[in-house]
Amino acid sequence: MVEQKSRFRPSRRLLLGATVVGGAALWGGTTLARLARGPSAPKDAGRIADVDGIALPLKPLANPPSFDTSLPWLAKGGDLNDASGLSRTPVYGVVEVSEESHVTNALAFARANGLKVSLAAVRHSMGGHAFDDNALVLDLRKFNRVSVDAAARTMTVQPGACWHDIQNILHPRFAVKAMQSTDIFSVGGSLSVNAHGMDHQAGSVAGSIRSMRVMLADGSVTTCSSSENGDLFRHVVGGYGLFGVVLEATLDIVDNAVYRTSREIIRSDDFPKFFTEVLEPNRQIGLFYGHLSTAPGNFLEDMIVYRYDKVADAPPADQPAIGEPGSVGLKRLVMNLAKRGSLFQELKWFTERTLEPKFESCTVARTAAMGEGEACLVTRNNPMHDSVPYLFNDLAGETDILHEYFIPRAAYGPFIAEARAILRNQSLPVLNASVRVVHKEDIALTYAPEPAFALVLYINQPADEQGNASMRTLTRALIDATIRHGGRFFLPYQLHYTAAELRASYPDLPAFLAAKLRYDPAELFSSTFYRAIKALGGIA
Ligand SMILES: Cc1cc2nc3c(=O)[nH]c(=O)nc-3n(C[C@H](O)[C@H](O)[C@H](O)COP(=O)(O)OP(=O)(O)OC[C@H]3O[C@@H](n4cnc5c(N)ncnc54)[C@H](O)[C@@H]3O)c2cc1C
């Protein structure tokens, strides 16, 4: 008798089910891996960015001069884009500056051949601020020497130095006084927008500048500060590279103080009260960061307040190197999932509220003198050393755009209510929202003619015409709300504003443009941004 083997024969339905589940798992795994992956190349979706009613692209040069072989060319011809990935622009060429003589010679070559010059560093501006059609671009990133004068408590830096590298040089004894809330930017790019960040007492970078050496369009070099050649100083700081090349800056540095970290959740509406009762009077709070909820359930209603209270002027002598941010893939995944619907936006807020504190690294060993029990201690350099790698992704069809709106302090509540309504009634995902404190800034094109609170937004859009149109509509609505409340919008970002919005926000623009022609009559220094604000400002 032949023994019958019992054979398992899966039904067609089971096979189908297994295929669907396996396929879904594979698709899910591949999708999650894609969302968690870092960039394989810089974003470059072409030239999508535009300005209302103004043709930005210029015709190619009819007779481009031949390249001066004595200059260190990084590129002859080609094009450049910025962090938006939407501003691809053909340029004459790119000179890689590492010595002052490269700047002198490049400007002379440009003057002799009728070329425009644009100044570029990390190119994190988002509206063609660092290049122009057919321009000779100075790439300043390798012009980056740093020297520290411990006795004077200053550092003298070339403009291509970026805060990340500077912090590694200053650590463990010293720290940067004023910079952005992340460390990925150059000093030149930061002075040129008058950047500001987490130190609400120090305010913007302008307040940390002892002096600067600036090369003007005619090749002469001038030293300026708030007390020497003050008019030039007020135009170079926040002057978007239109008045001269910052060759060197001497900046204040401060102690790398030890802070006790803490966080609390408050209602966004209570922030002005928190500011006047807690933040402003307490000089021991060295850094502060206000992070608003972007979850649909409490959108811009709850706020995590991160505070850093000083407990010592300096860390122990054996303080380790600063270290880099951890859990990058996971943070990038959570950020990118948040672009895909409410559930994931709630998940992001949940992780920020409850999980992140558990992964906080406390970098300073407690000493008896600090007497801080179980507190988490860090040095000033730790929270300021954030190069936000999780913000950069490999999603080519989309881009994330920064916005910042400065609101007179008394108008904060009603403005946030309006911004909340505007942002709720549109479809682009809001990835981050934070609140900053800025002081009155006395520079020519100031974003803060009076003390202000700033709302900073990071918003995702498709990298195409349609996405750009949605972002334009949203930006204009937010700018209009800002103007209604007596505020101003920040200029390093996209050029979506109308002429009326620009003039209402920056009534000092005509004087700024007139000063530009005084310092640079032939308009040697140019950029797409310059041509846009000039046209919108009513100057042909
Ligand atoms: C993700 C993200 C976060 C940001 N966070 C903050 C923040 O917290 N606070 C804040 O204030 N801003 C913030 N910004 C804006 C940022 O500060 C500006 O875009 C800054 O200019 C970027 O520096 P950069 O080195 O990339 O400069 P670039 O984009 O290369 O250049 C910016 C401008 O500086 C000019 N420039 C560069 N070098 C020189 C020089 N040597 N001399 C004269 N002009 C020069 C250029 O011509 C250009 O007009 C943020 C931007 C992004 C994308």
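Order of listing sets the numbers, starting from 1, for every ligand and every atom in it. These numbers come from the heavy atoms of this one structure, side chains and all, not from hydrogens, waters or symmetry mates.
Distances from atom 15 (C) of ligand 1 to the heavy atoms of Phe185, Tyr493, Phe490 show the closest one on Tyr493. The option with the heavy atom closest to atom 37 (C) of ligand 1, from among Ala161, Ala83, Gly189, is Gly189. Around atom 43 (C) of ligand 1, the closest heavy atom drawn from Ala178, Gly244, Gly188 belongs to Gly244. Nearest to atom 10 (C) of ligand 1 by heavy-atom distance, out of Arg436, Met198, Gln180, is Gln180. Considering each of Asn194, Leu391, Val236, Val103, the one bringing a non-hydrogen atom nearest atom 1 (C) of ligand 1 is Leu391. Closest heavy-atom approach to atom 48 (C) of ligand 1 within the set Arg141, Arg123, His129, Met179: this belongs to His129.
In this structure, Arg141 does not pair ionically with Glu96, as no charged nitrogen and carboxylate oxygen lie closer than 4.0 Å. Using a 4.0 Å cut-off between a side-chain N of Lys or Arg and a carboxylate O of Asp or Glu, Arg380 and Asp199 qualify as a salt bridge. Using a 4.0 Å cut-off between a side-chain N of Lys or Arg and a carboxylate O of Asp or Glu, Asp231 and Arg518 qualify as a salt bridge. Of the charged side-chain nitrogens involved, at least one lies within less than 4.0 Å of a carboxylate oxygen, so that Asp442 and Arg234 count as a salt-bridged pair.
Nearest protein neighbour of atom 36 (N) of ligand 1, counting heavy atoms only, is Ser192 OG, 3.5 Å. The single protein non-hydrogen atom nearest to atom 42 (N) of ligand 1 is Val246 N, 2.9 Å, given as residue, atom name and distance. Nearest protein heavy-atom contact of atom 9 (N) of ligand 1 is His196 O, 2.7 Å. The protein heavy atom nearest to atom 46 (C) of ligand 1 is Leu119 O, 3.0 Å.
For the pair Asn381 and Ile322, the tightest heavy-atom approach, listed with the atom from each and the gap, is O-CG2, 3.5 Å.
Residues Glu398 and Asn460 bring a donor and an acceptor atom of their side chains to less than 3.5 Å of each other. For Tyr447 and Ser505, the side-chain atoms include no donor-acceptor pair closer than 3.5 Å.
Listed by number with element, the atoms of ligand 1 under 4.0 Å from a non-hydrogen atom of Tyr240 are 47 (O), 49 (O). Of all the atoms in ligand 1, the ones that sit under 4.0 Å from a non-hydrogen atom of Leu402 are 2 (C), 3 (C), 4 (C), 5 (N), 50 (C), 51 (C), 52 (C). Contact atoms of ligand 1 toward Pro492: 19 (O) (distance under 4.0 Å to a heavy atom of the residue). Atoms of ligand 1 lying under 4.0 Å from any heavy atom of Val245, numbered from 1 in the order shown and given with element: 42 (N). Heavy-atom proximity to Ser125, at under 4.0 Å, picks out these atoms of ligand 1: 19 (O), 28 (P), 29 (O), 31 (O), 32 (C). In the vicinity of Pro159, heavy-atom distances shorter than 4.0 Å reach the ligand 1 atoms 41 (N). Close approach of ligand 1 to Ala121 (heavy-atom distance below 4.0 Å) involves ligand atoms 25 (O), 30 (O).
For the pair Arg488 and Tyr506, the distance from NZ or CZ to the six-membered ring centre is under 6.0 Å and the angle to the ring normal is within 45 degrees.
Both the backbone and the side chain of Val122 come within 4.0 Å of ligand 1, counting heavy atoms alone.
In this structure, the side chain to side chain donor-acceptor pair (under 3.5 Å) partners of Lys516, at least two apart in sequence or on a different chain, are Asp520. With sequence neighbours excluded, no residue forms a side chain to side chain donor-acceptor pair (under 3.5 Å) with Arg409.
A donor-acceptor contact shorter than 3.5 Å is absent between the side chain of Trp163 and the backbone of Val176.
Aromatic ring orientation, Phe512 versus Phe243: perpendicular (interplanar angle above 60°, classes split at 30° and 60°).
Backbone and side-chain nitrogen or oxygen atoms of Ser186 are examined, and one is located within less than 3.5 angstrom of a nitrogen or oxygen of ligand 1.
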